[in-house]
Amino acid sequence: MPHSKGEGTIGNMHRYPLLESVDLPPDLKHLSPDELTRLADELRDFLIATVSRTGGHLAAGLGVVELTIALHYVFDTPYDRLVWDVGHQAYPHKILTGRRERMATLRQKDGLSGFPRRQESEYDTFGTGHSSTSIGAALGMAAAAKQQRVRRHVVAVIGDAAMSAGMAFEALNHAGGLDLDILVVLNDNDMSISPPVGAFSNHLARMLSGKLYTTVREGGKSALSRLPNLSELVGRWEEHMKGMVMPGTLFEELGFNYIGPVDGHDLETLVTTLDNMKTMRGPRLLHVVTKKGKGYRPAESDPCFYHGVTPFNPDTGKMEKKAAGGPTYTQIFGDWICDAARADSRLVGITPAMREGSGLVRFSREFPERYFDVSIAEQHAVTFAAGIACEGGKPVVAIYSTFLQRAYDQLIHDVALQNLDVTFAVDRAGQVGADGATHAGSFDLTYARALPNMVVMAPADEKECRVMLQTAYEHPGPALVRYPRGSGPGVEIDTALKTLPVGKGELIRNGASGVALLAFGSLVSSALEAGDRMKASVANMRFIKPLDCELVLQLADNHELLVTLEENVVQGGAGSAVNEYLVSLMHPVKVLNLGLPDRFIEHASCDEQLREAGLDVESIVRSVTAAQQNNKRLLSGKPGRFDSKA
């Protein structure tokens with residue numbers, strides 16, 4: 001049903017009579033084929049109404065409405081396991097699995113997660129957020145079912161982009177060598193099916209998944225197995241015939257029975273084909289072609305823009321206007337890399353399928369021959385950069401903090417160990433808001449600081465971010481700059497290509513309270529505000545590695561309490577670097593480390609997440625005051641106790 005003006009609010013469930021009758025997947029089985037089609041229209045309209053208010057991932061979910069209905073209609077979920085890859089497309093799944101009434105809380109504190117989550121519903125069989133994990137997880141579930149002698153179906157739904165990652169092919173290769181019942185649904189939204197091709201493909205899929213073809217195929221193989229020459233001929237004939245009419249030869253070679261492609265918006269075909277494939281055994285792959293953004297014209301026209309959205313007007317598709325502010329750190333990086341590329345022809349930009357998110361759109365247009373999108377292949381991105389550096393190139397890898405985690409061995413073995421000149425521009429460091437724990441950059445200071453040869457820095461503001469990027473680029477070895485999501489404190493940017501002395505911080509406020517705040521990166525502005533309240537000294541440390549030991553010692557000699565502040569886990573982070581240095585000197589100064597706690601912080605606004613972590617200004621002041629009081633009690637010989645949620 002088209003989205004009409006003035007309608008579509010989440011509360012007006014009278015507009016969705018069929019959807020209101022479906023509280024859980026078993027309710028689908030009472031609907032007729034015509035009702036299932038009408039349900040798809042209602043579900044799509046409800047999804048648009050929901051996400052227009054909450055923001056979130058839209059286009060991917062619109063593309064799998066019919067597929068979601070068909071899967072829950074055919075299979076007995078949650079007994080049968082359904083694993084969604086990444087989870088961008090799982091909103092329709094959430095709506096049909098008992099969470100329709102809570103969709104208004106999507107991606108908000110204490111509300112529904114934007115991704116499948118085992119703690120949220122028994123229908124979410126595997127927690128996701130990073131891509132290309134579904135086949136491996138589903139294969140593990142199938143193996144467990146066989147060991148436990150449990151008869152159940154296991155289905156993995158993976159997109160064509162996620163299928164490009166090595167991890168997906170590792171799982172496919174493993175599955176093809178096992179006698180396990182697993183169905184992989186490849187959701188291909190990178191092309192469209194014209195009506196003639198669609199009709200032929202759907203007919204072919206029905207035929208190849210039907211009992212007649214399966215019986216003849218398997219029976220013929222059995223009968224001809226005693227005649228080696230004929231058996232080989234028939235096998236070759238079958239392979240070539242299927243290869244001529246379908247793009248499934250690769251999957252057949254991996255040991256999968258390939259069916260498709262089918263129109264992913266034709267519910268009747270989907271249901272029939274899935275029903276047929278339920279009776280098959282072993283690894284099977286159904287190739288489904290869908291249109292990202294299906295049913296909502298703005299999203300169909302620009303599915304990339306509507307992949308992840310802020311609240312918008314559902315009638316026009318226009319996003320709510322944001323308050324005027326300065327450029328984001330992502331934009332600062334995008335401008336810097338273009339300027340640096342003009343100044344140095346050796347510069348090459350690399351991203352693992354995050355051109356828009358990492359700020360490389362302009363660079364890709366201005367320097368197309370020096371731009372490489374390696375698809376969802378973070379490990380390859382890092383090793384590819386290492387290869388370029390071996391030949392005298394100057395690669396810049398633009399990557400999210402949470403995705404660099406996936407290439408840690410390559411960071412160690414292929415870059416740091418060989419001391420290669422690779423620059424890492426690490427976006428989304430620290431808390432990221434509504435995307436939650438799966439996308440938070442909570443660990444990069446810890447895992448990067450541990451590596452020999454690596455320079456690690458974090459800017460306090462926009463101006464410093466640009467200067468640090470240039471510093472990292474000119475450093476003759478591996479260097480990493482990590483910066484947060486969104487905008488900075490509003491410092492004016494100098495567009496010159498300037499650098500900083502490596503390993504040098506700065507004292508930006510002298511205090512008289514005996515307390516010094518040593519702030520790393522995004523928390524410098526909060527440290528200044530807290531320092532003003534407490535009359536404390538404040539240092540912008542800038543470098544996590546190499547640490548400015550001279551500045552640390554100066555502060556330790558002149559203060560009773562040092563407080564380290566970082567938007568990274570405390571374990572092994574910047575504060576740990578300060579601790580290690582002071583312990584090596586056996587320095588008596590007291591140190592308080594404030595950072596992210598030893599638990600995952602769930603989705604909420606960034607401000608709410610920082611408050612939960614004890615890293616907002618009020619919490620910092622409270623924690624430091626408690627530490628001061630505790631220190632005074634200890635000095636006086638009285639028992640002390642320090643209690644802080646940080």
Let's go through Ile259 and Leu285 carefully: what are the C-alpha distance in whole Å and the side-chain angles of both, what is the deciding distance for side chain to side chain contact (heavy atoms under 4.5 Å, CB included) to 0.1 Å, and is it a yes or a no? CA-CA 6 Å; Ile259 304 295; Leu285 189 140; over 6 Å; no
Assess whether atom [atom1] of [X] is packed by more than 12 heavy atoms of other residues, nucleotides or ligands within 6.0 Å.
{"X": "His174", "atom1": "NE2", "result": "no"}
{"X": "Tyr79", "atom1": "OH", "result": "yes"}
{"X": "Lys29", "atom1": "NZ", "result": "yes"}
{"X": "Arg297", "atom1": "CZ", "result": "no"}

Do the side chains of [Y] and [X] get nearer than 4.5 Å, heavy atoms only?
{"X": "Met167", "Y": "Thr133", "result": "yes"}
{"X": "Val157", "Y": "Val83", "result": "no"}
{"X": "Val426", "Y": "Tyr400", "result": "no"}
{"X": "Leu96", "Y": "Leu43", "result": "yes"}
{"X": "Val86", "Y": "Thr128", "result": "no"}
{"X": "Tyr306", "Y": "Glu300", "result": "no"}
{"X": "Leu62", "Y": "Lys292", "result": "no"}
{"X": "Phe75", "Y": "Leu183", "result": "yes"}

Given the rule in the side chain to side chain contact (heavy atoms under 4.5 Å, CB included) test, do Asn257 and Phe251 qualify, once you have shown the distances and angles that lead to the verdict? CA-CA 7 Å; Asn257 188 0; Phe251 300 112; over 6 Å; no
Are the charged groups of [X] and [Y] less than 4.0 angstrom apart, N to O?
{"X": "Arg281", "Y": "Asp179", "value": "no"}
{"X": "Arg482", "Y": "Glu567", "value": "no"}
{"X": "Arg15", "Y": "Glu42", "value": "no"}
{"X": "Arg599", "Y": "Glu612", "value": "yes"}
{"X": "Glu120", "Y": "Lys94", "value": "yes"}
{"X": "Asp435", "Y": "Arg485", "value": "yes"}

Please lay out, stage by stage, how Ser364 and Arg362 fare under the test side chain to side chain donor-acceptor pair (under 3.5 Å). CA-CA 5 Å; Ser364 69; Arg362 183 178 149 211; over 6 Å; no
Quick one: does [X]'s side chain have a donor or acceptor within less than 3.5 Å of a partner on [Y]'s backbone?
{"X": "Asp124", "Y": "Arg117", "answer": "yes"}
{"X": "Arg118", "Y": "Thr125", "answer": "yes"}
{"X": "Asp27", "Y": "Asp23", "answer": "yes"}
{"X": "His439", "Y": "Thr402", "answer": "no"}
{"X": "Thr77", "Y": "Asp80", "answer": "no"}
{"X": "Gln431", "Y": "Cys606", "answer": "no"}
{"X": "Arg44", "Y": "Lys294", "answer": "yes"}
{"X": "Asp85", "Y": "Ser134", "answer": "yes"}
{"X": "Thr330", "Y": "Ser358", "answer": "no"}
{"X": "Lys291", "Y": "Gly63", "answer": "no"}

With Asp181 as partner, the option from Arg151, Lys146, Arg81, Lys278 fulfilling salt bridge (charged side-chain N to carboxylate O under 4.0 Å, His left out) is Arg151
So, for [X] and [Y], which heavy atoms are closest and what is the spacing to 0.1 Å?
{"X": "Ser131", "Y": "Arg406", "answer": "O-NH2, 2.6 Å"}
{"X": "Ala171", "Y": "Ile135", "answer": "CB-CG2, 3.6 Å"}
{"X": "Gly264", "Y": "Thr290", "answer": "CA-CG2, 3.8 Å"}
{"X": "Trp84", "Y": "Ala90", "answer": "CG-CB, 4.4 Å"}
{"X": "Ser401", "Y": "Tyr447", "answer": "O-OH, 3.1 Å"}
{"X": "Val51", "Y": "Gly56", "answer": "CG1-N, 3.9 Å"}

Could you walk me through whether His130 and Phe403 pass ring-ring contact (aromatic ring centres under 6.0 Å, His included), step by step? CA-CA 8 Å; His130 288 186; Phe403 297 148; 5.2 Å; yes
Interatomic spacing from [atom1] in [X] to [atom2] in [Y] - rounded to 0.5 Å:
{"X": "Asp263", "Y": "Leu67", "atom1": "CG", "atom2": "CG", "answer": "11.5 Å"}
{"X": "Leu71", "Y": "Leu270", "atom1": "CG", "atom2": "CG", "answer": "8.0 Å"}
{"X": "Asp427", "Y": "Ile399", "atom1": "CG", "atom2": "CD1", "answer": "10.5 Å"}
{"X": "Arg38", "Y": "Ser32", "atom1": "CZ", "atom2": "OG", "answer": "6.5 Å"}
{"X": "Leu250", "Y": "Glu252", "atom1": "CG", "atom2": "CD", "answer": "10.0 Å"}
{"X": "Asp41", "Y": "Leu36", "atom1": "CG", "atom2": "CG", "answer": "11.5 Å"}

Can the ring centroids of Phe115 and His603 be said to lie less than 6.0 angstrom from one another? no
As a test of understanding, state which of Arg107, Met103, Lys109, Arg102 forms a side chain to side chain contact (heavy atoms under 4.5 Å, CB included) with Thr105. Arg102
Report the C-alpha separation of Arg428 and Tyr483 in whole Å, then their side-chain angles, then the decisive distance to 0.1 Å, and conclude whether the side chain to side chain contact (heavy atoms under 4.5 Å, CB included) test is met. CA-CA 6 Å; Arg428 274 43 169 201; Tyr483 43 89; over 6 Å; no
Might you work through the side chain to side chain contact (heavy atoms under 4.5 Å, CB included) test for Thr97 and His72, ending with a clear yes or no? CA-CA 9 Å; Thr97 54; His72 282 296; 3.8 Å; yes
